[in-house]
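Positions are given from 1, in the same order as the sequence printed here.
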Amino acid sequence: MEVKSNTAYVVDGCTLHMQYWQRAEWRGVDNADLWREVHGMLEERRRRGVSVVVSKVKGHAKWKHVRSGAVRSQDKYGNDAADTLACAG
């Protein structure tokens, strides 16, 4: 499973900080309830043998970024869809 985000906060939280936050029992972590939920979802997939990769994509990419090779078209489409969902609430 591949999880992509355009924010370093989410990518770093999932790849660098989550294990430490869990060991600290989520004390002092902003949005700890949400991070616990994300952790649970990722761990459930891993328990089922699903490989989970979290990566950063460029946010607000333009088609010129795709044409130049800086961004893959599927990342542009995904980011646009995520922005649409975020705006819809």
Side-chain angles (χ1 to χ4, degrees):
M1 179 173 92
E2 191 171 9
V3 177
K4 297 182 178 194
S5 175
N6 66 1
T7 65
Y9 173 68
V10 171
V11 174
D12 291 348
C14 290
T15 59
L16 300 174
H17 307 304
M18 196 174 288
Q19 63 183 338
Y20 301 108
W21 292 340
Q22 182 189 25
R23 278 191 224 137
E25 298 179 354
W26 309 98
R27 284 188 299 267
V29 177
D30 290 337
N31 303 306
D33 58 329
L34 300 175
W35 282 112
R36 275 192 206 106
E37 190 172 342
V38 169
H39 178 264
M41 286 186 240
L42 295 176
E43 285 304 305
E44 174 61 28
R45 269 97 185 147
R46 289 181 179 124
R47 276 194 296 275
R48 288 195 255 150
V50 175
S51 174
V52 178
V53 176
V54 180
S55 61
K56 172 100 170 55
V57 296
K58 179 174 177 40
H60 310 290
K62 307 290 183 212
W63 284 109
K64 67 180 181 180
H65 298 120
V66 175
R67 286 190 295 276
S68 73
V71 174
R72 297 185 314 170
S73 61
Q74 68 189 42
D75 293 340
K76 166 92 173 98
Y77 285 120
N79 195 270
D80 289 349
D83 284 346
T84 298
L85 289 171
C87 291

Distance-only, no hydrogens or angles: does the Lys56 side chain make a donor-acceptor pair with backbone N or O of Asn6 under 3.5 Å? yes

State yes or no: do Tyr20 and Leu34 share one hydrophobic cluster built from I, L, V, M, F, W and Y residues joined by side-chain heavy-atom distances below 4.5 Å, directly or via other members? no

Shared hydrophobic cluster for Val29 and Val54 (ILVMFWY, side-chain gaps under 4.5 Å): yes

So how far is it from Ser51 OG to Arg46 CZ, rounded to the nearest 0.5 Å? 8.5 Å

For the residue pair Trp35 and Tyr9, categorise the inter-ring angle as parallel (less than 30°), tilted (30 to 60°) or perpendicular (more than 60°). perpendicular

Under 4.5 Å between side-chain heavy atoms, counting indirect links through other Ile/Leu/Val/Met/Phe/Trp/Tyr residues: same cluster for Val53 and Val11 or not? no

From Glu2 CD over to Asp75 CG, what is the distance, rounded to the nearest 0.5 angstrom? 7.5 Å

Shortest non-hydrogen contact between Lys76 and Lys62, atoms and distance: CE-C, 3.9 Å

Between His39 and Trp21, is the gap from one ring center to the other below 6.0 Å? no

As a quick check of understanding, evaluate side chain to side chain contact (heavy atoms under 4.5 Å, CB included) for Arg45 and Met41, giving each step before the final call. CA-CA 6 Å; Arg45 269 97 185 147; Met41 286 186 240; 3.7 Å; yes

Are Tyr77 and Val66 grouped together when hydrophobic residues (ILVMFWY) are joined by side-chain heavy atoms under 4.5 angstrom apart? yes

Could you walk me through whether Leu42 and Met1 pass side chain to side chain contact (heavy atoms under 4.5 Å, CB included), step by step? CA-CA 9 Å; Leu42 295 176; Met1 179 173 92; 3.9 Å; yes

Atom pair CG/OG1 of Asn79 and Thr84 - distance to nearest 0.5 Å: 9.5 Å

When rounded to the nearest 0.5 Å, the distance separating CG of Asp33 from CG of Asn31 is 6.5 Å

To check you understand the geometry: which heavy-atom pair defines the closest contact between Arg48 and Glu44, and what is its length? NE-OE2, 3.0 Å

Consider only side-chain heavy atoms of I, L, V, M, F, W and Y, link residues closer than 4.5 Å, and tell whether Val38 and Val52 are in one cluster. yes

Please report the interatomic distance CD(Gln74) to NZ(Lys4), rounded to the nearest 0.5 Å. 4.5 Å

If you round to the nearest 0.5 Å, how far is CZ of Arg23 from CD of Gln19? 5.0 Å

